[in-house]
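The block underneath contains the structure these notes are about, expressed in structure tokens.
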Amino acid sequence: MTALKKICLALLLAMLNSTAFGLTIVLHRVDAGDAGPSNSTGGGSFDSIFRAAADTWQDAIRDSRTVNIYYQWASIGAGEKGNAVGSLISINSTRGDWFLDATPQTSTEFFLIDLDSKDLGAGSMNTGRVMTGGQGIDLYSIALHEMGHALGFNVPNASSEILDRDVDITFGSFQGSAIPTFRVSPHIDDNVLYAALMATGAIDGQRVLPSTADVLAVAQTGGFSNVRTGSILNSGSNYLYSAGSRQYRPIDWGSSTTTSMSPPTGDWLLVGVAQAGSLTIDGGLSLAVAGAIEIGSQGGQGNVEVSGHGSELRGGGQIMIGSDGKGSVRVENGGKIIPTTENFGIHVGNNPPQQLSRLDISGSGSSVGSLNNPVYIGAGGKGAVSVSDHATLLARTVHIGMLSALTESGELSISSSGSVTADQVLVQRGGTLRGDAGTINADVLMNGGRWSPGASPGTMTVNGDVFLNEGILELEDDSVNRDLIIVNGVVHFGAGFFMEIYLAELEFSDLIIDSFFSSMGNIYDTGFTGRNISVFTSDLGSVGRSLDVMFGSQHATLIAEFGVTAVPEPSTLALLGIAFAGLISTRQKSRR
């Protein structure tokens, strides 16, 4: 091959390479191989970390341009980490707390990632990507930051942009966005975008990566216009905040053997603050938070999933699902949510009342709560909890509804061999207790609200005493089966309690329900009378004329007289012979 052909081929390959890969950063080390601080940790090399940082920027900026960047260890200001003067980057060799990552682009040493997103004028964009859990100052983060300055976000290029304290984006899908800056310094304003790479830089234990806002600011001031703002750079849909507006979510662990994550002591974990956010904990991971956990707050929507045996979310403070926002939590397939400090409650549904927040627990081994902590469902807003498929809700006490609620606010549903274990389950005004084939290992106190056992119809079991003080018991008969509540304890009837009995089709002229509590201890009547019973047909219209209840030591009899349209066979009126009677209702409980 002639020399001319070789030159032409080399030029062609260079052009193809430039077209295919966009930006090309050529690195030049200028300190004659200075080894840098002797007490750095991590085992990585100075050169490989700068190469990884250059590759990251090349992946983000796609303009076909070659940029030369020079870098060195150097003795600079004692408090500085690094600086960039034009295309020369200096890293402080006098510091002894550098972390040199041997695998900087995999980040396996870091446990959590912080993703922030804001609308800066042209739609929501990713404005921060922060990992934590490391040790020392992360050289990779500092190299990325200083390289952003060398690529154009510097005093000569940005001076005209930052006079009005922002960088105005004039290209691409985020054209019209204004990225806030300081007026005298080419840095993103960390009072607004606290997690941006081009803000003030990383602190001990953190890794900060380029966000969409960082890439756009560097590209605008550096004269680039072809950037990648999708995929990983724009994955800002998760909002997981700790105290001080920090955000966390588990990263991809890959082959890492670490199986637990702990934010700094005292931190809170907030998911979905002001906007939408999500958190998934699976694969046997455990996330421990020293402070409170809030899911869906300040008008935001938070979604959390804890799935799989060994996967746990532990909180040292209150756990709020829907607090001035909407929260949704799923715990399944053996996952657990565990309060670790006594007396802190789990709240499902606080404010505003028009938004329903949910906690769904399902699957063998799945559980939420502890016997040292109360659970509040709809105590200040609208909340619903379902426990099914052999899952468990644990609590010192379970409070359903609000004491002064005028509308439905809280619901607890226990079905398909799900169980609730507590000292007491209290159903208050606005609260509903429902379910089928579920078990309550607690005393049940009806102080308002509704108890709707069965699923057209079905059975609930209470291993404890029942106090029917105030409220409504909805019972159903579909002419084949009847609701059944088995109470393995004592039943107390109060004067303020009502029964609503629903018939599927027939109108009875004489209805007798005997052996009401045949397998129980004594039944105590404290003023309950037939006046507190309503009987309805399938069209939900009342058909009762005269109602009465006679109490015995081990049973009760309900006598109802109606204007008859049909008289059932004796078999239809067979005695229930059950623990705590399933009475009567339609299949249409969804209407109630």
Side-chain angles (χ1 to χ4, degrees), residues 25 27-29 31 33-60 69-74 76 80-84 89-115 128-151 195-211 214-215 218 231-233 235 246-264 285:
I25 298 176
L27 295 174
H28 307 272
R29 185 165 177 179
D31 59 3
D34 185 346
S38 61
N39 53 353
S40 298
T41 60
S45 74
F46 194 52
D47 295 330
S48 65
I49 288 172
F50 263 83
R51 185 66 260 167
D55 290 344
T56 298
W57 279 110
Q58 287 179 167
D59 186 54
I69 292 180
Y70 302 83
Y71 66 104
Q72 64 178 351
W73 287 110
I76 55 178
E80 289 193 65
K81 305 178 185 76
N83 62 38
I89 297 173
S90 299
I91 302 298
N92 195 347
S93 61
T94 66
R95 298 189 67 117
D97 51 356
W98 287 107
F99 172 66
L100 276 61
D101 193 351
T103 55
Q105 290 182 311
T106 62
S107 300
T108 54
E109 296 86 353
F110 294 84
F111 301 157
L112 304 170
I113 187 168
D114 166 358
L115 295 170
R129 300 171 62 211
V130 179
M131 292 176 168
T132 189
Q135 296 180 350
I137 297 295
D138 179 39
L139 177 61
Y140 179 53
S141 299
I142 303 304
L144 286 167
H145 176 94
E146 301 303 340
M147 206 168 287
H149 288 309
L151 287 170
L197 171 71
M198 299 310 298
T200 55
I203 62 175
D204 279 357
Q206 285 189 351
R207 167 159 292 173
V208 187
L209 302 174
S211 68
D214 293 305
V215 174
V218 170
S231 65
I232 164 177
L233 287 177
S235 57
R246 200 160 303 286
Q247 308 169 322
Y248 296 119
R249 91 166 172 76
I251 64 172
D252 181 3
W253 291 90
S255 59
S256 172
T257 58
T258 304
T259 59
S260 65
M261 302 171 286
S262 296
L285 298 181

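- The two residues Ala54 and Leu27 make their nearest non-hydrogen contact at CB-CD1, 4.1 Å.
- Shortest non-hydrogen contact noted between Met147 and Ile69 is CG-CD1, 3.5 Å.
- Closest of all the heavy-atom pairs between Gly82 and Ile76 is CA-CD1, 3.8 Å.
- If you run ring pair (Phe, Tyr, Trp, His ring centres under 6.0 Å) between Phe50 and each of Trp73, Tyr71, Tyr140, only Tyr71 comes through.
- The OG1 atom of Thr103 lies 9.5 Å from the CD1 atom of Ile49; values are rounded to the nearest 0.5 Å.
- Nearest approach of Ala60 to Val215, heavy atoms of both residues: CB-CG2, 3.8 Å.
- The distance from atom CG of Asp138 to atom CG of Leu209, rounded to the nearest 0.5 Å, is 8.5 Å.
- In terms of heavy-atom proximity, Gln135 sits nearest to Thr41 at O-OG1, 4.5 Å.
- Between Gln58 and Asp55, the closest side-chain pair of non-hydrogen atoms falls below 4.5 Å.
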For Asp214 and Ser211, run side chain to side chain donor-acceptor pair (under 3.5 Å): C-alpha distance rounded to whole Å, both residues' side-chain angles, the deciding distance at 0.1 Å, then the answer. CA-CA 5 Å; Asp214 293 305; Ser211 68; 2.8 Å; yes

Show me the donor-acceptor pairs within less than 3.5 Å that the side chains of residues 33-40 make with the rest of the protein, sequence neighbours left out.
{"residue": "Asp34", "atom": "OD1", "partner": "Gly36", "partner atom": "N", "Å": "2.9"}

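- When all heavy atoms of Leu144 and Val208 are compared, the closest pair comes out as CD1-O, 3.9 Å.
- Looking at Trp98, its side chain never comes within 3.5 Å of a backbone N or O of Gly136 through a donor-acceptor pair.
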